[in-house]
Amino acid sequence: MNYFKFFEKFILKAIKRVAQDSEVFIDLAMHSFSVERPKDPKHGDISTNVAMILAKQFKMKPIDLAELIVPELVSSKYIVEANLAGPGFINIQISTKFWKERLRDILLINTKFGNSNIGSGRKINVEYVSANPTGPMHVGHGRGAVVGDVLSKVLEKSGFEVTKEYYINDAGNQVNILAHSVYFRYCELNGKSMGVIPEEYYQGSYLIDLAEELQKRDGNRWLDLTQEEWLPPIQGFAIKSMMQLISKDLNSLGVFPDVFRSEKEIIQTGMVDAVMSTLADQNLIYEGTLDPPKGRENQDWESNPQTLFLSTKYGDDIDRAIKKTDGSWTYFASDMAYHLDKYQRGFNRMINIWGFDHGGYVKRMTAAVSALTRGDAMLDVKLCQLVNLIRDGQQIKMSKRSGTFLTLGEVIREVGRDAFRFFMLTRKNDAPLDFDLTKVLEESKDNPVYYIQYSHARGKSVLRRASEIFDDSKLVPEMLAEVELDLLDDPLEINLIKIMASWPRVLEDTANSHEPHRIAYFLIDMASAFHNLWTKGARQAAQLRFISIENEELTMARLAMVQSYLIVVASALEVMGITPLNEMR
RNA sequence: GGCCCCGUAGCUCAGCUGGAUAGAGCAUUGGAUUUCUAAUCCAAGGGUCGCAGGUUCGAAUCCUGCCGGGGUCGCCA
């Protein structure tokens with residue numbers, strides 16, 4: 001249960017009663033008041049600006065309206081106090097009874113606590129990574145993979161029917177170069193003198209490995225053929241191998257796309273042609289010339305007429321080319337077809353996770369989606385900023401030539417899946433991220449992964465200790481849900497419970513904003529509240545220790561809280577794709 | 001030159017889609033160890049939220065214009 005929504009509904013009812021009493025008609029469909037947690041705890045648990053927002057409709061001063069609302073609120077058994085403050089805020093103190101009930105919710109609903117139905121079963125497509133199958137992925141791809149994967153899990157928990165999708169760019173120039181690069185290495189292996197590898201070819205040694213594999217499989221049968229003969233099969237072989245490599249790395253990250261969609265297939269089945277003729281029917285395609293970009297050197301610019309899509313009609317800055325001079329479709333053209341393909345598969349909500357260098361591409365794609373679906377589908381593009389790799393305080397300069405290129409697979413093998421996933425979400429996606437290979441494995445509170453895992457291990461350790469004293473059957477969540485919880489009354493305890501109770505809200509906000517980093521920050525907050533309590537009990541106030549032999553009732557209440565904590569941490573970690581640790585040794 | 005993103009404490013960054021006295025970690029200083037794991041905790045100092053206007057009861061948040069940093073700019077994907 002999202003408790004903010006719960007009280008929002010309650011406030012709404014109170015408003016209705018006040019409106020009735022004062023014979024005012026108010027338009028509640030338009031309500032947009034806030035119900036939030038004030039920064040200052042002195043202002044209560046929740047605070048609403050409803051009186052300020054609706055004052056005009058009531059033709060009253062905010063404060064006068066608030067005074068009418070307050071008595072209505074206090075009638076709830078869950079509200080112990082409501083008072084007005086400042087220019088017309090209503091600050092509400094929620095009863096401890098309410099928080100104790102949330103604790104029971106957690107114990108009974110377990111890891112499904114926080115699940116909601118805001119998606120109401122609607123389909124949504126999350127396209128992520130989509131790295132070109134021309135080489136191994138780097139950490140930047142890993143960031144996109146984690147962002148997309150965690151977002152997908154959040155959306156699933158929020159009642160959407162999610163499809164995780166990877167678009168394979170297996171058509172066009174880059175995969176041609178790939179084929180040539182492999183063939184070059186293949187010829188070298190077979191003793192043909194090839195000279196220096198051309199600069200535009202992919203240089204990486206992984207292609208030598210690939211060529212060796214090819215030779216092992218086929219011997220020298222491709223050697224003396226024409227390009228027309230060798231290119232298609234070798235290209236197919238190379239793409240397939242690269243995709244295996246990429247999938248393997250994704251899997252080791254815990255990322256498993258549901259669908260791999262091939263660009264080549266989309267082109268070959270004629271979807272692009274079909275889409276373009278539809279657009280032509282709508283007069284959205286024309287022959288024209290583009291102006292050269294201003295302010296930079298373009299000595300090679302030739303103003304040729306070309307086939308353009310009228311993306312300016314849908315908010316783009318200029319119209320965009322859809323055909324190359326050789327007559328083939330541009331990447332944009334096939335990407336339009338691909339997005340229509342998604343729409344036709346039933347997705348009118350799409351999220352794309354892209355690298356930051358594709359920022360200039362967003363407007364034309366959202367324009368294309370509105371044109372192709374006549375405004376029925378919406379596309380949200382999330383751009384992930386660069387990841388800077390750092391070791392021992394020094395930035396690792398990535399250069400494919402000098403061989404200081406660290407692939408995603410290598411980094412995951414070094415730091416582990418869980419740490420990598422967590423750190424990828426310690427920044428919002430559009431901020432650059434420093435990834436420090438040394439710090440990630442550091443065992444201290446500077447390292448949020450350890451901080452959180454340690455708190456979980458501590459909780460587990462309490463339960464292990466408890467099971468030496470009590471019967472195990474008493475310690476399972478369902479049984480702990482039955483214990484008397486009123487004995488939990490320390491501010492630190494209530495604070496922890498409040499944070500745990502806000503988990504559903506965090507999930508909802510994340511699902512609505514498409515910002516998975518919020519989960520990471522929530523976990524840090526919650527772990528901090530737990531450590532506070534722990535340390536205080538262990539050192540400053542022995543009466544706060546979770547287990548006190550002489551008071552079984554109190555101990556059971558606290559074990560219920562610890563068990564709840566473990567449940568919420570575990571489910572937040574689960575969403576992040578991270579395995580909670582039971583002990584740190 | 002056009003477009004997109006960023007600018008918040010000495011450093012790295014949050015800031016709940018417009019709320020009250022702007023937060024956290026690191027660093028600095030001073031404290032807590034007969035423990036359910038000190039791999040933790042507590043306290044203190046530290047700010048013209050890049051600048052200037054605008055919108056309104058109210059702006060770090062929305063709009064406009066500058067300044068600074070990054071990205072990107074026809075037939076690469």
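This structure is a prediction, so every number in the text was calculated from the model and none was measured. Within every chain, numbering begins at 1; the chains are lettered A, B, ... in the order of the sequence lines, protein sequences first and strands thereafter.
Here Q174(A) lies in heavy-atom contact (under 4.0 Å) with a base. Heavy atoms of E263(A) sit under 4.0 angstrom from primed sugar atoms or phosphate atoms, though from no base atom. Residue contacts for A55(A): at a heavy-atom cut-off of 4.0 Å it reaches no nucleic acid atom on any strand shown. Across all strands shown, H358(A) has heavy atoms under 4.0 Å from base atoms, whether or not it also approaches the sugar-phosphate. Residue-level contact check: S47(A) touches the bases, meaning some heavy atom is under 4.0 Å from a base atom. Among the atoms of the strands shown, none is found under 4.0 Å from any heavy atom of P62(A).
Annotation: G46(B) and A32(B) have their C1' atoms spaced 24 Å apart (nearest Å). Using C1' as the reference atom, U61(B) and C16(B) are 12 Å apart when rounded to the nearest Å. Only the C1' atoms considered, G47(B) is 6 Å distant from A9(B), to the nearest whole Å. Here, G58(B) and C67(B) have their P atoms 30 Å apart, quoted to the whole Å. Separation of the P atoms belonging to G2(B) and A44(B) is 49 Å when rounded to the nearest angstrom. Taking the P atom of each, G53(B) and A60(B) are spaced 14 Å apart, rounded to whole Å. The separation of C49(B) from A22(B), taken at their P atoms, amounts to 10 Å, rounded to a whole angstrom. Only the C1' atoms considered, G69(B) is 39 Å distant from G30(B), to the nearest whole Å.
For the residue pair Y565(A) / S455(A), a side-chain donor-acceptor distance below 3.5 Å is found, with atom types taken as modelled. Between the side chains of H358(A) and N352(A), no donor-acceptor pair of N or O atoms lies under 3.5 Å. Of the N and O atoms on the side chains of Q235(A) and N176(A), at least one donor lies less than 3.5 Å from an acceptor on the other residue. Side-chain contact annotation: H43(A) with N91(A), donor-acceptor N/O pair under 3.5 Å absent.
Remark: K428(A) is not in phosphate contact with C13(B), judged by side-chain N or O atoms under 4.0 Å from OP1 or OP2. Here H456(A) does not reach the OP1 or OP2 of U40(B): none of its side-chain N or O atoms lies under 4.0 Å away. At the phosphate of C5(B), neither OP1 nor OP2 sits under 4.0 Å from any side-chain N or O atom of Y361(A). Put simply, N49(A) has no side-chain N or O that comes within less than 4.0 Å of OP1 or OP2 on G18(B). Under 4.0 angstrom from either OP1 or OP2 of G19(B) there lies no side-chain N or O belonging to K39(A).
For the pair E265(A) and R261(A), the salt-bridge criterion is met [side-chain N within less than 4.0 Å of a carboxylate O]. Salt bridge annotation for R37(A)-D45(A): absent, with no cationic side-chain nitrogen under 4.0 angstrom from a carboxylate oxygen.
Here G68(B) sits opposite C6(B) as a Watson-Crick or G-U wobble pair (both hydrogen-bonding atom distances under 3.5 Å). Applying the Watson-Crick and G-U wobble criteria (two distances, each under 3.5 Å), A22(B) pairs with nothing in any strand. Partner assigned to U40(B) is A32(B), using Watson-Crick or G-U wobble distances below 3.5 angstrom. Across every strand in view, U56(B) sits unpaired, with no contact that passes the Watson-Crick or G-U test at under 3.5 angstrom. Nucleotide G47(B) is matched to nothing when pairs are restricted to Watson-Crick or G-U wobble geometry with both distances under 3.5 angstrom.
Between L308(A) atom CG and C75(B) atom C1' the separation is 11 Å, expressed in whole Å. Spacing between atom CG of N447(A) and atom C1' of A24(B) amounts to 16 Å, rounded to whole angstrom units. Distance OH (Y331(A)) to C1' (C73(B)): 17 Å, rounded to an integer number of Å. As rounded to whole Å, 13 Å separates atom C1' of C3(B) from atom CG of L383(A). A straight line from CZ of R143(A) to C1' of C5(B) spans 12 Å, rounded to a whole angstrom. Here C73(B) presents its P atom at 14 Å from CG of L290(A), a figure rounded to the nearest Å. The distance from atom CD of Q235(A) to atom C1' of A77(B) is 14 Å, rounded to the nearest whole Å. The nearest whole Å value for the distance from the CG atom in D319(A) to the C1' atom in C3(B) is 15 Å.
Between L463(A) and D326(A), it is L463(A) whose nearest contact on RNA chain B lies nearer the 5' terminus. In terms of position on RNA chain B, the residue among F4(A) and K439(A) whose nearest nucleotide sits closer to the 5' end is F4(A).
Of the candidates Y128(A), Y166(A), Y167(A), F260(A) forms a ring-ring contact (aromatic ring centres under 6.0 Å, His included) with just one, namely Y166(A).
Taking only side-chain atoms of H531(A), from C-beta outward, the nucleotide of U40(B), A77(B), G15(B) with the closest atom is U40(B). With U17(B), C6(B), A14(B) as the choices, the nucleotide that has an atom nearest any side-chain atom of R427(A) turns out to be A14(B). For R518(A), the listed nucleotide lying nearest its side chain is C16(B); candidates were C16(B), G70(B), A14(B). Of the candidates C13(B), A39(B), C36(B), C36(B) carries the atom nearest the W534(A) side chain, counting heavy atoms from C-beta on. The side chain of T330(A) lies closest to C75(B), out of C36(B), A39(B), C75(B). Side-chain proximity of K363(A) to the nucleotides G19(B), C13(B), C3(B) is greatest for C3(B). Counting only heavy atoms from C-beta on, N304(A) has its side chain closest to G74(B) among G74(B), G1(B), G19(B). When each of A39(B), U72(B), G74(B) is scored by its nearest atom to the side-chain atoms of Y454(A), the top-ranked nucleotide is A39(B). The P87(A) side chain lies nearest to G19(B) when the options are A77(B), G19(B), G74(B). Each of C57(B), A77(B), A20(B) was ranked by its minimum atom distance to the side chain of H43(A); first place goes to A20(B).
Note: H531(A) and Y451(A) meet the aromatic proximity criterion, with ring centroids under 6.0 Å apart.
Classification of U17(B) as syn follows from a glycosidic angle within 90° of 0.
Contact of N91(A) with A20(B) (side chain to base): a donor-acceptor pair of N or O atoms is detected under 3.5 Å.
Cation-pi check for R320(A) over F309(A) is not met; the charged atom does not lie both under 6.0 angstrom from the ring centroid and within 45 degrees of its normal. Geometrically, K323(A) engages W329(A) in a cation-pi contact, judged by NZ or CZ lying under 6.0 Å from the ring centre and within 45° of the ring axis.
Once the 5.5 Å centre distance and the 30° plane angle are applied, the aromatic ring of F89(A) is found not to be stacked with the base of G19(B).
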